[in-house]
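Below: the structure, in structure tokens.
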Amino acid sequence: MPTNITVGQAALWFLHDLAPESAAYNVAFALRILDPVDTGALEQAVRRTARRHDMLRSSFSDVSGQPERVVHGDDVVRLEVRPARDPAAQVRAVIAEPFRLREAPLVRFVLLRDDTGGDTGGVLVMVAHHVVLDAGSQTVIMRDLFEEYRALRTGVPARLPELALTYADHVAAERELLASPRLAELTEHWRRFCAGAPVALELPTDRPRPAVQRYVGSAVSARLPEDAVADVQRVARELRVTPFAFLVAVFEVLLHRYSGQPDFLLGCATSTKDRRMSEVVGFFVNPVLLRPEVGARTTFRELVAQTGGQLRQGTAYRHHPFALLPPALGVPHDPSRSALFQVLVTAYSAGADDTLLDGLFQGVSHGPFDYAGVRVAAVDMPPQQTGQFDLTLELHMSKRSVTATLKYATALFDAATVERLARQYLVLVQSACADPDELAGRLPMMAAEERELLLSAVGGDALDW
């Protein structure tokens with residue numbers, strides 16, 4: 001067992017060795033800076049941020065076949081400035097470049113400057129391997145980076161909260177859990193939860209499943225209309241669930257309708273970070289399991305209540321390291337698919353006062369906005385973290401917008417198939433809002449024009465979709 005990293009980090013290390021040239025576990029953040037950039041101050045801000053968060057200065061060595069974290073000096077993390085010749089293509093290239101986990105740093109900051117000889121803005125890209133940070137950590141890093149940048153330009157000291165704990169404290173807490181009776185309690189809960197459940201969700205694919213998972217993927221995104229976002233929030237309140245639970249239940253309907261399975265396991269990404277760790281950067285992601293059971297007479301109202309309850313329950317049992325669960329439940333290793341679940345749901349939520357995430361989630365159409373005294377704007381981001389699973393639903397949620405991104409393994413699915421899934425997901429969202437008491441198996445999932453086209457093609461009218 002690794003001594004100074006978590007079980008989840010060790011699992012990512014072993015996955016990396018299976019596909020070292022894959023960028024499937026790269027996480028990235030990019031935004032356009034519209035004001036003139038002081039590259040010297042930005043370089044110093046990068047160094048100060050790396051000094052504050054040792055995970056940014058980490059690599060993972062191999063000690064007797066086990067990974068161990070090595071922390072380096074803050075000089076290993078630098079700002080790279082490149083001329084912006086084709087920013088969209090360059091952003092894709094920066095994000096797609098794989099990391100070598102045994103070499104520091106496992107994060108790169110790149111400024112694609114509009115004019116390297118002038119006083120202009122550019123696109124700032126931060127990309128890291130998932131083993132050193134998660135989505136919540138990205139937000140902390142960008143806040144700290146821009147606060148340090150503001151301090152260096154104005155001479156006013158940075159206003160950042162003290163770090164009471166470090167990631168090493170998180171590792172120590174997990175090791176304490178693993179040595180305590182609580183681990184057996186958590187394992188028993190998940191054993192009961194999974195009893196009798198199929199460990200494979202058999203979605204119809206465009207190609208046979210490869211013998212070994214390839215970790216290569218792409219993504220399709222679709223934005224909910226503004227009135228649909230308001231409807232989801234209203235109906236979720238009426239059903240006494242969160243908007244996230246509502247949107248997950250809709251996705252479960254889609255998976256049920258495509259697979260024909262009335263019972264299956266679905267992964268849901270959660271964070272093990274608590275308030276004491278709120279300022280700490282690292283990898284805190286740990287999936288929990290959902291188990292939608294959709295009978296012939298199950299209404300959407302019943303399904304969403306089931307989903308909401310399972311999400312609450314899963315949160316209470318989320319500290320069992322998922323990598324240890326399949327062997328604990330006796331699930332054999334299958335190199336062709338991820339264990340226990342092959343489809344994941346996850347969400348990134350912008351709080352009411354989170355101007356950065358709110359602006360970025362609304363996308364390029366939102367226009368410029370101020371962040372830490374700098375005028376910034378969203379950029380079109382290429383797909384990232386694709387190919388980890390057969391299918392992933394990633395929700396970007398704020399009070400004003402919801403974007404649903406379907407990530408998929410290109411070894412299994414064509415883009416056209418996933419584009420259809422995305423369209424049908426949006427239709428199902430609106431169908432569930434319109435009539436939550438309808439049977440889950442009969443909620444309309446095709447737009448009227450698409451349904452008419454299909455009916456005319458098959459020459460019939462007995463189509464449930």
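Ion pair Arg102/Asp17 flagged as a salt bridge, since at least one NZ, NE, NH1 or NH2 atom sits closer than 4.0 Å to an Asp/Glu carboxylate oxygen.
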| query | Stepwise, does the side-chain hydrogen bond (donor to acceptor under 3.5 Å, both in side chains) test hold for His72 with Ser59? | reply | CA-CA 8 Å; His72 304 262; Ser59 63; 2.8 Å; yes
| Can you list the steps and then say if Leu303 with Glu252 is a side chain to side chain contact (heavy atoms under 4.5 Å, CB included)? | CA-CA 9 Å; Leu303 178 62; Glu252 291 171 343; 3.7 Å; yes
| task | Would you check, one step at a time, whether the test side chain to side chain contact (heavy atoms under 4.5 Å, CB included) holds for Phe341 with Leu201? | result | CA-CA 7 Å; Phe341 68 88; Leu201 176 58; over 6 Å; no
| task | Could you walk me through whether Asp380 and Arg92 pass salt bridge (Lys or Arg N to Asp or Glu O under 4.0 Å), step by step? | result | CA-CA 10 Å; Asp380 285 325; Arg92 288 195 298 271; over 6 Å; no
| Where do Val232 and Val402 land on the side chain to side chain contact (heavy atoms under 4.5 Å, CB included) test, with the steps shown first? | CA-CA 10 Å; Val232 167; Val402 173; over 6 Å; no
| query | Could you go step by step and tell me if Asp75 and Arg47 meet the salt bridge (Lys or Arg N to Asp or Glu O under 4.0 Å) rule? | reply | CA-CA 7 Å; Asp75 59 338; Arg47 293 283 186 89; over 6 Å; no
| request: Let me see the working for Arg182 and His319 under side chain to side chain contact (heavy atoms under 4.5 Å, CB included), right down to the final yes or no. | output: CA-CA 10 Å; Arg182 177 61 175 161; His319 290 284; over 6 Å; no
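In this structure, the side chains of Leu324 and Leu178 come closer than 4.5 Å at one or more pairs of heavy atoms. By the 4.5 Å heavy-atom criterion applied to side chains, Arg108 and Glu80 are not counted as neighbours. At least one side-chain heavy atom of Leu311 sits under 4.5 Å from a side-chain heavy atom of Phe244. Counting heavy atoms from C-beta outward, Tyr371 and Arg143 have side chains that approach closer than 4.5 Å. Contact annotation: the side chain of Pro292 never approaches that of His256 to less than 4.5 Å [non-hydrogen atoms, C-beta and beyond]. Looking at heavy atoms from C-beta onward, Arg48 lies in side-chain contact with Leu152 at the 4.5 angstrom threshold. The side-chain heavy atoms of Pro382 and Ile95, taken from C-beta on, include a pair separated by under 4.5 Å.
The backbone N or O of Glu293 lies less than 3.5 Å from a partner atom in the side chain of Gln306, making a donor-acceptor pair. Counting only distance, with no hydrogens or angles, the side chain of His130 and the backbone of Leu133 share a donor-acceptor pair below 3.5 Å. A donor-acceptor contact shorter than 3.5 Å links the side chain of Thr410 to the backbone of Val216. Under a 3.5 Å cut-off, the side chain of Asp74 and the backbone N or O of Ala50 do not form any donor-acceptor pair. With Asp370 contributing its side chain and Gly373 its backbone, the two residues share no donor-acceptor pair below 3.5 Å. In terms of modelled atom types and a separation under 3.5 Å, the side chain of Asn286 and the main chain of Phe322 share a donor-acceptor contact. A donor-acceptor contact shorter than 3.5 Å is absent between the side chain of Arg57 and the backbone of Val77. Side-chain atoms of Trp190 come within 3.5 Å of backbone N or O of Tyr317 as a donor-acceptor pair. A donor-acceptor pair is defined here as one N or O able to donate and one able to accept, closer than 3.5 Å; no such pair exists between the side chain of Glu279 and the backbone of Val140. Checked by atom type and distance alone, the side chain of His129 pairs as donor or acceptor with a backbone atom of Val131 at under 3.5 Å.
Heavy atoms only, all atoms of each residue included: Val46 and Leu145 are closest at N-CD1, 3.6 Å. Closest non-hydrogen pair, Arg337 versus Gln213, comes out as C-OE1, 3.6 Å. Minimum interatomic distance between Pro87 and Arg32 (heavy atoms only, all atoms of both residues): CB-NH2, 4.3 Å. Here the closest heavy-atom approach between residue Arg159 and residue Val156 is recorded as NH1-CG1, 4.4 Å. Among all heavy-atom pairs drawn from Leu421 and Leu254, the shortest one is O-CD2, 3.8 Å. Nearest heavy-atom pair, Gln9 versus Met55, reported as atom, atom and distance to 0.1 Å: NE2-CE, 3.7 Å.
Side-chain contact of Thr187 with His320: a donor-acceptor pair under 3.5 Å is present, judged by distance alone.
Taking a 6.0 Å sphere around CD of Glu185, one finds it holds more than 12 heavy atoms contributed by other residues, nucleotides or ligands. Counting heavy atoms of neighbouring residues, nucleotides and ligands inside a 6.0 Å radius, atom CZ of Arg276 does not exceed 12 of them. Counted within 6.0 Å of CD on Glu188, heavy atoms from surrounding residues, nucleotides or ligands total more than 12; the atom is thus considered enclosed. In Arg100, the CZ atom is not crowded: 12 or fewer heavy atoms of neighbouring residues, nucleotides or ligands sit closer than 6.0 Å.
Residue Val37 is tested with Val81, Leu111, Asp114 for a side-chain contact (heavy atoms from CB on, under 4.5 Å); the sole match is Leu111.
Note on ring orientation: taking the six-membered ring where Trp is involved, the planes of Tyr215 and Tyr25 are tilted (angle from 30° to 60°). Using a 30° and 60° split on the angle between ring planes, Tyr408 and Phe413 fall in the perpendicular class, above 60°.
For Arg153 and Tyr149, the positive end sits near the middle of the six-membered ring, less than 6.0 Å away and at most 45° from its axis.
Sorted by first then second residue, the salt bridge (Lys or Arg N to Asp or Glu O under 4.0 Å) pairs that include residues 381-398, not counting sequence neighbours, are Arg209-Asp390, Glu394-Lys407.
In this structure, Tyr167 has its ring center at least 6.0 angstrom away from the ring center of Phe283.
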